[in-house]
K.L.:
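Here it is: the structure, laid out below.
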Amino acid sequence: MKAKIAVLAGDGVGREIMPEAVKVLQAIGEKYQHSFEFVSADIGGQAIDKVGVPLPQETLALAKQSDAVLLGAVGGPKWEGLEYSLRPERALLGIREALGLYANLRPAKVYPNLVDASTLKREVIDGIDILVVRELTGGIYFGKPKGIEKLPNGEERGVNTEVYTTEEIRRIGKVAFEAARKRRKKVTSVDKANVLESSELWRRVMIDVQKSYPDVELHHIYVDNAAMQLVRNPRQFDVMVCNNIFGDILSDEAAMLTGSIGMLPSASIGAKVGLFEPIHGSAPDIAGKNIANPIATIASAGMMLAYAFQLDKEAEAIEQAIVKTLDMGYRTKDIQSPGTRVVGTDRKSTRLNSSHLGISYAVFCLKKK
Ligand code: NAD
């Protein structure tokens, strides 16, 4: 197949991890005979420095004309003093909104060799493989009325509104069931239907959507219990589908089960062009030191293959290359443990001994297989 991929490296470690993900995609292209065209553009702080805005029109136009977008990270102390609407992070909201991405997918998976990187006990997290599907454009973050008003008695009153339509729930439900079909065929819908009417509708619509997916089990759980079960017995979950606010909170909780933020990819989908990015930020504290972990971005490229191009076999090859790299004992600093070999992102680095191959060793594994 042929695909045009917009490559938006962004700021900080984004510039170090993105070339590694592109190398892995190139290796996939060679091995499986796909033609990937990579077109880079500016976003975030680097775009502000060049043209004064975090999301230039040309970048947005490129994203819209591409088959998928691969994003690094944006932000950093240099731009922190800017007015909110001009901050690098505005580019993230802007691009997600412009592309109409209403579903955010975040896997939380524990690689066998990294079980001990988690703060939880091995027997609790060993083998977890969860996908949190979060509704991204509705719910309390967008519902109206919203705002802060002055009351006659001098007090203030803050309001936000949790609101969902049948169609908004149906479409995120379908994303969850489709994803579950490619996995262990179990969807857990998270709500607060014992208290909230919007959740009552959410539950009813999920039950209705399930009728089109008789091969997939549907379970319901209240959000407070879900938060507890995630740390008590996370292995019970396969796909968790959540509204915007519950998904925001639970996806961070699920992610942290796995240990390092440098390992966690994400996908935002729903419209023609999907956006794939690591969940971490630009990590200014480690940027430029050649110690960033590129796995989250490489795994995001894997999600792009699966969810944007339906290249499941190729996505699995990336997964296997990551596992193999870890099996061989290569680690970036954030996930190092006794007996492992600490490497940098870039194998060409002069700061590291030339025998250190870096995590881009994944590319090598792909080519060799
Ligand atoms: P962060 O995710 O950048 O960093 C948090 C911690 O995780 C840091 O200690 C960092 O060194 C570490 N870390 C992050 N990515 C890593 C990697 N690949 N390998 C190893 N360690 C890694 O979050 P922050 O420090 O709160 O934010 C820094 C900047 O990034 C801010 O400007 C923030 O607004 C921005 N940000 C951007 C995104 C995004 O682009 N999607 C997301 C979150 C934060």
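Atoms within a ligand are numbered from 1 in the order they appear, just like the ligands themselves. Residue indices begin at 1 and follow the sequence shown.
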K.L.:
Which residue and non-hydrogen atom of the protein lie closest to atom 15 (N) of ligand 1, and at what distance in Å?
P.N.:
His280 CG, 3.1 Å
K.L.:
Centre of Tyr102's six-membered ring, under 6.0 Å away, within 45 degrees of the axis: is that where NZ or CZ of Arg171 sits?
P.N.:
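Yes, a cation-pi geometry.
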K.L.:
Under a 3.5 Å distance rule, please check whether Glu168 uses its side chain to pair with a backbone N or O of Gly138 as donor and acceptor.
P.N.:
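Judged by distance alone, no pair lies under 3.5 Å.
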K.L.:
Under the rule for side chain to side chain contact (heavy atoms under 4.5 Å, CB included), what residues qualify as partners of Gln229, not counting sequence neighbours?
P.N.:
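Side chain to side chain contact (heavy atoms under 4.5 Å, CB included) list for Gln229, sorted by chain: Ile221, Asn225, Arg232, Asn233, Gln236, Phe237.
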K.L.:
May I ask whether Ala292 has any heavy atom positioned less than 4.0 angstrom from an atom of ligand 1?
P.N.:
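Under 4.0 Å: yes for Ala292.
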K.L.:
For His34 and Tyr32, take the angle between the two ring planes, folded into 0 to 90°, and tell me which bin it lands in: parallel under 30, tilted 30 to 60, perpendicular over 60.
P.N.:
parallel
K.L.:
Considering only protein heavy atoms, determine whether one is less than 4.0 Å from atom 25 (O) of ligand 1.
P.N.:
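When distances to the protein are checked, atom 25 (O) of ligand 1 has no heavy atom within 4.0 Å.
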K.L.:
Of the listed options (Ala296, Pro77, Gly72, Pro284), which comes nearest to atom 28 (C) of ligand 1 when hydrogens are ignored and any heavy atom counts?
P.N.:
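Considering heavy atoms of Ala296, Pro77, Gly72, Pro284, the nearest to atom 28 (C) of ligand 1 sits in Pro284.
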K.L.:
Leu92 heavy atoms, cut-off 4.0 Å: which ligand 1 atoms fall inside?
P.N.:
39 (C), 40 (O), 41 (N)
K.L.:
Tell me which one of Ile261, Ile335, Val74, Val13 gets a heavy atom nearest to atom 37 (C) of ligand 1.
P.N.:
Val74
K.L.:
Any donor and acceptor pair, going by atom type alone, linking the side chain of Arg235 with main-chain N or O of Asp126 inside 3.5 Å?
P.N.:
yes
K.L.:
Nearest to atom 43 (C) of ligand 1 by heavy atom, Gly75, Gly281, Gly44: which?
P.N.:
Gly281
K.L.:
For Tyr213, does the six-membered ring have the charged nitrogen or CZ of Lys174 within the cation-pi criterion, i.e. under 6.0 angstrom from the centroid and within 45° of the normal?
P.N.:
no
K.L.:
List ligand 1 atoms under 4.0 Å from Ala73, heavy atoms only on the residue side.
P.N.:
40 (O)
K.L.:
Is the shortest distance from atom 5 (C) of ligand 1 to a protein heavy atom below 4.0 Å?
P.N.:
no
K.L.:
Kindly indicate whether atom 2 (O) of ligand 1 is approached by any protein heavy atom to under 4.0 angstrom.
P.N.:
yes
K.L.:
Kindly indicate, with the supporting measurements, whether the criterion salt bridge (Lys or Arg N to Asp or Glu O under 4.0 Å) is fulfilled by Asp238 and Lys185.
P.N.:
CA-CA 7 Å; Asp238 176 16; Lys185 300 189 171 52; over 6 Å; no
K.L.:
I'd like the name of whichever of Ile286, Leu8, Asn293 reaches closest to atom 21 (N) of ligand 1 through any heavy atom.
P.N.:
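The nearest heavy atom belongs to Ile286.
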K.L.:
Can you confirm whether something in the protein, heavy atoms only, sits under 4.0 Å from atom 33 (C) of ligand 1?
P.N.:
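Given the 4.0 Å limit, the answer for atom 33 (C) of ligand 1 is yes, a protein heavy atom qualifies.
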K.L.:
Okay, side chain of Asn293, backbone of Lys333: is any donor-acceptor separation there less than 3.5 Å?
P.N.:
no
K.L.:
Report the nearest protein non-hydrogen atom to atom 8 (C) of ligand 1: residue, atom name, distance rounded to 0.1 Å.
P.N.:
Asp285 OD2, 3.5 Å
K.L.:
Counting non-hydrogen protein atoms only, what is the nearest one to atom 29 (C) of ligand 1? Give residue, atom name and distance.
P.N.:
Ser282 OG, 3.3 Å
K.L.:
Could you verify whether a donor N or O on one side chain and an acceptor N or O on the other, from Tyr164 and Glu135, lie under 3.5 Å apart?
P.N.:
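Result is yes, a qualifying pair exists.
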K.L.:
If you count the atoms of ligand 1 from 1 in the order shown, which ones are under 4.0 Å from a heavy atom of Glu277?
P.N.:
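Taking each heavy atom of Glu277 in turn, ligand 1 has 41 (N) under 4.0 Å.
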K.L.:
Give the C-alpha distance, both sets of side-chain angles, the deciding distance and a yes or no for salt bridge (Lys or Arg N to Asp or Glu O under 4.0 Å) between Arg181 and Asp215.
P.N.:
CA-CA 8 Å; Arg181 268 198 171 150; Asp215 52 323; 2.9 Å; yes
K.L.:
State whether the side chain of Gln46 and the backbone N or O of Ile43 hold a donor-acceptor pair below 3.5 Å, judged by distance alone.
P.N.:
yes
K.L.:
So if I count the atoms of ligand 1 from 1 in the order they appear, which ones are less than 4.0 Å from some heavy atom of Glu89?
P.N.:
31 (C), 32 (O), 33 (C), 34 (O), 35 (C)
K.L.:
Of all the atoms in ligand 1, which lie at a distance below 4.0 Å from a heavy atom belonging to Ala283?
P.N.:
3 (O), 10 (C), 11 (O), 13 (N), 14 (C), 15 (N)
